[in-house]
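For this chain, numbers begin at 1 and follow the sequence in order.
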Amino acid sequence: MKISNQVRRLRFEHGEMTQQALAEKVGATRQTVLAIEAGKYAPSLELAFRIADAFGVGVEAVFQREYVEQP
């Protein structure tokens, strides 16, 4: 299973919020936000909810799961 996200799109839809501004709002580092956006890091459930709350949307509007078939 792979987790994709809409963090970058949502940041730009919310006044072109910077990664740093989002990080400060959710109590994370800019590097964490960068890694989440790049799909290199899946946030904890708590952080996922804080990110969703920062945009005023549900978690499912930010994060989606994609199933990858195993050979």
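Listed by first then second residue, pairs satisfying ring-ring contact (aromatic ring centres under 6.0 Å, His included) with a partner in residues 22-52 number zero, not counting sequence neighbours.
Proximity of a side-chain donor or acceptor of Arg65 to a complementary backbone N or O of Ile3 within less than 3.5 Å is not detected. A donor-acceptor pair is defined here as one N or O able to donate and one able to accept, closer than 3.5 Å; such a pair exists between the side chain of Asn5 and the backbone of Ile36.
Qualifying side-chain contact (heavy atoms from CB on, under 4.5 Å) partners for Glu24, counting only residues two or more places apart in sequence or in other chains: Gln20.
Inter-residue side-chain proximity for Gln19 and Glu37 is flagged as met; some heavy-atom pair is nearer than 4.5 Å.
No chain of hydrophobic side-chain contacts below 4.5 Å, direct or via other Ile, Leu, Val, Met, Phe, Trp or Tyr residues, connects Phe12 to Leu10.
Summarising the geometry of Ala21 relative to Thr18, their closest heavy-atom pair is N-OG1, 2.9 Å, with the distance given to 0.1 Å.
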Which atom pairs, donor and acceptor, lie under 3.5 Å between side-chain atoms of residues 50-63 and protein residues at least two apart or in another chain?
unit_1, atom_1, unit_2, atom_2, d
Arg50, NE, Val26, O, 2.7
Arg50, NH1, Glu46, OE2, 2.8
Arg50, NH2, Val26, O, 3.1

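From Arg30, atom CZ reaches atom CG of Leu22 across 12.0 Å, with rounding to the nearest 0.5 Å.
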